[in-house]
Protein chains: 2
Amino acid sequence: MASRNRQESGKENLRQEIMDAARELFVAEGYASVSMRKIADKIGYSPTTIYLYFKDKSDLLHQICEQTFAHLAQNIKSIQQLSDNPLEKLRSGLREYVYFGLKHPSQYEIVFITPLPHKFESDFDETNGRVAFDTMRDVVAECVSDNLLKTKDVELISQTLWAGIHGITSILIQHEHFPFVERDKLIDNVIDTLIIGTKA
Amino acid sequence: MASRNRQESGKENLRQEIMDAARELFVAEGYASVSMRKIADKIGYSPTTIYLYFKDKSDLLHQICEQTFAHLAQNIKSIQQLSDNPLEKLRSGLREYVYFGLKHPSQYEIVFITPLPHKFESDFDETNGRVAFDTMRDVVAECVSDNLLKTKDVELISQTLWAGIHGITSILIQHEHFPFVERDKLIDNVIDTLIIGTKA
DNA sequence: CAAAATAGCTTAACACTGTTAATTTAATTT
DNA sequence: AAATTAAATTAACAGTGTTAAGCTATTTTG
C-alpha cells in the first residue's frame, strides 16, 4: 500500500471516529446539549481538530444523518424485494420505515424529528434521505402503472404516504407517555388507512 | 428610558409584553437563535428582568404555547360548530389543526415536535394541545355513533387521524426545502386519504 | 544529508449564550 | 421622614461555536 493511501485512510479514520463519537453523544444527550468540546474530549483531541474535518457543528450532524439515511434506504430496498405484488411491496416498505424508526428512536429523532439548524439548506436531491423517499416513490409509480390507485399523481401520493408514516413514527417516539392503543394495532391501522385511502 | 411610566404598566402587563416580544422573535428567527438579551432589548429592559416573570427560556416559550393552543382549541370548536354533518365537522377540524400549525410553526415545533427532556412531557395532559385532541376525539365519537366509520374504536381512529395530521404538519414545517407538491393540494389529499380510509 | 515545505493538531482568543447573585433604584408603607 | 418592600439592574460565571495563529513531527526537495 502506497504511503499516500495510508495518509488518506488515516485522515478518514479520524473523520469516522469523530462521527461515531458525535452520533453517540447526539443520541444520548441531544444535538443542542452536546458541545464540540465534549465531542473532542470523548476522542481525546482538541475541539478545533473537528473543524479540520467538518465545516461546523451542523455539518457534522448533517454527515451523520446521511449515514443513517443510507441505512434506512438499504433496509427498505431489501424488504421490498421479498414481494412481487406492488401493493404488498408498498405496505412492507411503509412498515419497514415505521419499525426502523422505532428500532432506532434516537437516530430517527436526530434525522427526522429534531429541528435542523436553519443554516444548511442542503440540496435534498443529493442526500440519502431523498434516496429513501425515491425508493418508496418507485413502488408507488409501480402501483400507478398497474392502475391500483385512485389517482396517477405519483408525487402527491408518495408525499401523502410519507406524511402518514412519519406522523405515526414520530408521535410514538416522542409522546411515549400518551395513552396510545396497542402499538402494533395502531401502526397497522395507520398503514391500512393510508393504503385504503389511496387505493382505486 | 428611566422615565418609563411604570404606574400604568403593572406586573401582568410587563409579563404579557415580554411574551409578545418573545413570540414575535421566536416566530421570525426561530427559538434557538433568539437570545434572552435580544428579547430584553426589544422591550427596553435588562435581560435578567425576564427571569422575574419566567423560570427560564423554555418556560417562556411554554407559556406562549399555552396561549396559542388555547386559541387552537377554541378555533377547532368554533369551526366545527359551522356544520351539522359529523364527517364535515371532522374534516374541518383536521384542516384547522394543520393550518393552525403552519400559521404558528414555532409554537407547534416546541409543543409537538421538539424532543423535550424536561418535566414538560408529563404536563401534556394539562395542555391546551391535549384539549384540542380531545375535541377531535369527541367528533370521532359522534361519527362512530352515526355508524359513519369502518370501526367503532374511537380511540384507535382518533389516534390514527392525529398521526396523519401531525405528520403532514410537521414535515411541512421542518423539511422546508423538500420539493413538495402544491401545499394546499397535499394537505387536502392527506385529509381526504385519512377520511376515506376510515369511512365505513 | 540538511533545509524547506507541509500536514496535523493545539493554544489562545473572540463574541456570544443562559442564568445566578448581589446591588441599586423606585414605590409603598409605617 | 424613615423603614420596608418591590422592581429592575449590574456584574459575573461557566459555558458555547468558531477563527486565527502557532507548534511539531513528518515528508519532500535541492
_Can you measure B:Ile39 atom CD1 to C:dT19 atom P for me and round it to whole angstrom units?_
10 Å
_If only side-chain N and O atoms count, and only distance matters, is there a donor-acceptor pair under 3.5 Å linking B:Glu17 with B:Asn13?_
no
*asked:* Do A:Thr68 and A:His104 pair up side chain to side chain, a donor and an acceptor below 3.5 Å, judged on atom types alone?
replied: no
*So does A:Arg37 reach the base of D:dG15 with its side chain, donor to acceptor, closer than 3.5 Å?*
no
*asked:* When you compare the side chains of A:Gln67 and A:Arg23, does any donor N or O come within less than 3.5 Å of an acceptor on the partner?
replied: yes
*Are B:Tyr53 and D:dA8 close enough that a side-chain N or O sits under 4.0 Å from OP1 or OP2?*
yes
*Watson-Crick or G-U wobble partner of D:dT5, both distances under 3.5 Å*: C:dA26
*Measure distances between side-chain N and O atoms of A:Thr48 and base N and O atoms of D:dT19, and say whether any donor-acceptor pair falls under 3.5 Å.*
no
*Rounded to the nearest Å, what distance is computed from the NZ atom of residue B:Lys55 to the P atom of nucleotide C:dT19?*
8 Å
*asked:* Heavy atoms from C-beta onward define the side chain here; which of C:dG18, D:dT18, C:dC9 lies closest to that of B:Ser35?
replied: C:dG18
*Between B:Lys38 and A:Ser46, name the one whose nearest nucleotide on DNA chain C is closer to the 5' end.*
A:Ser46
*Once you round it to whole Å, what is the distance between P of C:dG18 and CG of B:Leu60?*
11 Å
*Is the gap between the ring centers of A:Phe100 and A:His71 under 6.0 Å?*
yes
